[in-house]
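What follows is a set of notes on a single structure, which appears directly below.
In this text, all values refer to a predicted model and were calculated from it rather than measured experimentally. Each chain gets a letter, A, B and so on, in the order its sequence line appears, and its residues count up from 1. Just so it is clear, the values below take in all heavy atoms, side chains as well, and ignore hydrogens, waters and symmetry mates.
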Protein chains: 2
Amino acid sequence: MSIRSKGRIISLAWPDRTEPRAKAFPIVKRLTEDRRGVLFVGDNLTVLDHLIAEKQTGASLIYLDPPFFTQRAHETMPRKGAASEVAFSDQWESLAHYLEAIAARLSRLRELLLPHGSLVLHVDTKTSHYVKVLADGIFGFDAFASEIVWRYRRWPSKTENFQRVHDVLLRYRKDPSIAPRWNQGYEALAASTLKTWGTRKQRAVVEEGHRKRSSSTEEESKGVPLGDVWDIGILAPVSKERTGYPSQKPEALLERLVNVLTDPDDLVLDPYAGSGTTLAVAHRLGRQFVGIDESAVAIATIEKRLAEKGVLLTQVPAGR
Amino acid sequence: MSIRSKGRIISLAWPDRTEPRAKAFPIVKRLTEDRRGVLFVGDNLTVLDHLIAEKQTGASLIYLDPPFFTQRAHETMPRKGAASEVAFSDQWESLAHYLEAIAARLSRLRELLLPHGSLVLHVDTKTSHYVKVLADGIFGFDAFASEIVWRYRRWPSKTENFQRVHDVLLRYRKDPSIAPRWNQGYEALAASTLKTWGTRKQRAVVEEGHRKRSSSTEEESKGVPLGDVWDIGILAPVSKERTGYPSQKPEALLERLVNVLTDPDDLVLDPYAGSGTTLAVAHRLGRQFVGIDESAVAIATIEKRLAEKGVLLTQVPAGR
DNA sequence: TTGGGTCATGAATCCGGCA
DNA sequence: TTGCCGGATTCATGACCCA
């Protein structure tokens, strides 16, 4: 199956499509003591071009949680009294400008991905469809691997609509013809299965070419292979994990991605590092990491978060 | 928020876009004895144009489960011995042709929707994104109401990917400025909530402008307002509900949609009636229904299914 | 309670057109 | 003729839900 069949290429189109320009900030680079973690301060477009030019080793996993096109400025939520400040702006002239910005990042990120690597793109349910069509154009329709649904629970609002309780993560592979990094994950068996079969593996019995019956075996089942709908709670407002940075994602979500899609010592890249969840999880699980963010609030949050784990970042000249 | 901001309209584009032509089958119309249910045999494009021309009363709910662009012919699965036959073909020259066909149906269906009505479009996770961009163009970005995730459980396959265990349903409203048909649905409270609070309703307590604590009230909770991720089992292979028609959807799925989005006596329209799940549920819940299908196998399946509920269809001249 | 029967899977294999 | 490529077919699969 190909979207190019019969030469009819389907793409998103809008008038006056332009290439976004990187902000002219200078890049600042910070490095952990063991040199296994890097944090860049600056426009990620500039930094990505810098990384490509420097021919840095590629990443096994790129996770990005870009702004969601909410047309709002997002503020921090400090624990006590302290004034909130703008963490990042998510205001755009138009959806077209937003898509142009995302597309520019994606095409750079693809270059930084190892052949066995995955890119996971966290998107909003209102815009995911536009982003997917765009990303299909950059990675190829066949490089699309999964639409992962992150289902969470939250305080319900009073609206005449089905409560929105999920986000979408799109996974792409750099090269679908190459075996991917893959450490199979499992989740608990369904209640109905447990009732009938217990935790033993079932075995299909085939007679005369037809499936006749199942029987349970001695072997303990590891559970059911991980699906593409993940039930993971959002961070409780009083959770110890909370940094006060808006749009913070739970570590459990990143943990799954890192465990399944990378091996120890692999490199994890997050170009919208935000509160630093990706970096913290990568470090905890023994992976190398590269984070990028242009927001001073984000950088301060990340440094504090990593420092609490005993990881100190020191400034080095960019280009090392 | 609008995709038209600053006059930059984003759309799907492909070369040589054409308007599909309806098949030249004659329409056959069948009517239930109480005249509250109608079944059309023929190309749904022809039938929809016919319905628009006849200025039939509009629908409160349109549900459609079109082919998924699997590029396969789907066959029936008869219970015992009997030979299987092709129920419907899902083979297309290209994704572009597929999208052209869907777009043509959607624009007609929109005309048949009452102002308070909803259209729910069942799509595949590989093509949903293209279809959503297309449908946004027909209904308007602001008419999009929900991306509903139908999560099911099935036999796992051995693949280095997250198992696909969900389908997507896109809900659009005819007119987002008008109050929709809405009968709030509920689901069971989460296990963690039950443990802490039991089944009593919680009430937020606000003091001095700050949220202080919650307290449980006397009132019994109806549960959590229905979200947009639905955990509904697929039909078991040995289920009594099974008709043998491929791609049959569980009645529980349609029940939710019909209960929430329509009132009794409202009209439910399904232009890809298939095994007749929508019609059967609409009838059982006291709604009027219009079904359309071009497959003789589908029509036979529907007539048998309805007959088992004591609903007989008799042929009448089209146009009544 | 126990066991049957399957899957709009996904991988492996086959096959036919083309160079 | 033969080898390659891609589409189409078939084959192994094991947890799920209902009777």
Check nucleotides 11-15 of chain C for protein N or O atoms closer than 3.5 Å to its own N or O atoms and list the pairs.
from   : atom 1 : to       : atom 2 : distance (Å)
C:dA11 : OP1    : B:Thr159 : OG1    : 3.0

Inset, instruction - Could you check A:Pro225 against B:Arg72 and say which one's nearest nucleotide on DNA chain D is further toward the 5' end? - result: B:Arg72

Legend entry - Matching residue for A:Leu61 among A:Thr262, A:Asp266, A:Leu113, A:Leu114 - test: side-chain contact (heavy atoms from CB on, under 4.5 Å):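 The side-chain contact (heavy atoms from CB on, under 4.5 Å) with A:Leu61 is passed solely by A:Thr262 among A:Thr262, A:Asp266, A:Leu113, A:Leu114.
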
Using whole Å, report how far [atom1] of [X] lies from [atom2] of [N].
| X | N | atom1 | atom2 | answer |
| --- | --- | --- | --- | --- |
| A:Asp142 | D:dG7 | CG | P | 9 Å |
| B:Gln91 | D:dT9 | CD | P | 8 Å |
| B:Glu75 | D:dT9 | CD | P | 10 Å |
| B:Gln163 | D:dA15 | CD | C1' | 10 Å |
| B:His166 | D:dC16 | NE2 | C1' | 19 Å |
| A:Arg173 | C:dG10 | CZ | P | 13 Å |
| B:Met77 | C:dG4 | CE | C1' | 16 Å |
| B:Tyr152 | C:dC7 | OH | P | 13 Å |

Legend entry - Chi angles and distances behind the side chain to side chain contact (heavy atoms under 4.5 Å, CB included) call for A:Val229, B:Tyr152: CA-CA 9 Å; A:Val229 179; B:Tyr152 45 84; over 6 Å; no

From [options], nucleotide with atom closest to [X] side chain:
| X | options | answer |
| --- | --- | --- |
| B:His74 | C:dA8, C:dG5, D:dA19 | C:dA8 |
| B:Pro237 | C:dT9, C:dG5, C:dA8 | C:dG5 |
| A:Val224 | D:dC18, D:dC16, C:dT9 | D:dC16 |
| B:Arg242 | C:dT9, C:dA8, C:dC7 | C:dC7 |

Pick base, sugar-phosphate or nothing for [X], based on heavy-atom distances below 4.0 Å to the nucleic acid.
| X | value |
| --- | --- |
| B:Pro156 | sugar-phosphate |
| B:Phe88 | base |
| B:Pro250 | nothing |

By side-chain hydrogen bond (donor to acceptor under 3.5 Å, both in side chains) - contacts of [X] (at least two apart):
| X | result |
| --- | --- |
| A:Gln184 | A:Trp182 |
| A:His116 | A:Ser60 |
| A:Arg256 | none |
| A:Asp263 | A:Arg181, A:Asn183 |

Not counting sequence neighbours, which residues clear side-chain contact (heavy atoms from CB on, under 4.5 Å) with [X]? List them please.
| X | value |
| --- | --- |
| B:Pro66 | B:Leu64, B:Ile102, B:Leu121, B:Tyr272 |
| A:Lys132 | A:Asp136, A:Phe141, A:Phe144, A:Leu170, A:Tyr172, B:His129, B:Tyr130 |
| B:Ser146 | A:Asn161, A:Phe162, B:Ile148, B:Arg171 |

Inset, instruction - May I ask you to verify if any side-chain N or O of B:Arg153 is less than 4.0 angstrom from the OP1 or OP2 atom of C:dT9? - result: no

Legend entry - Salt bridge flag under 4.0 Å for residues A:Arg164 and B:Glu147: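 No, A:Arg164 and B:Glu147 are not salt-bridged.
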
Legend entry - Paired stretches of DNA chain C - 3 or more consecutive Watson-Crick or G-U pairs, each distance under 3.5 Å: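 As far as DNA chain C goes, consecutive pairing (with distances under 3.5 Å) yields the stems C:2-6 with D:15-19, C:9-19 with D:2-12.
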
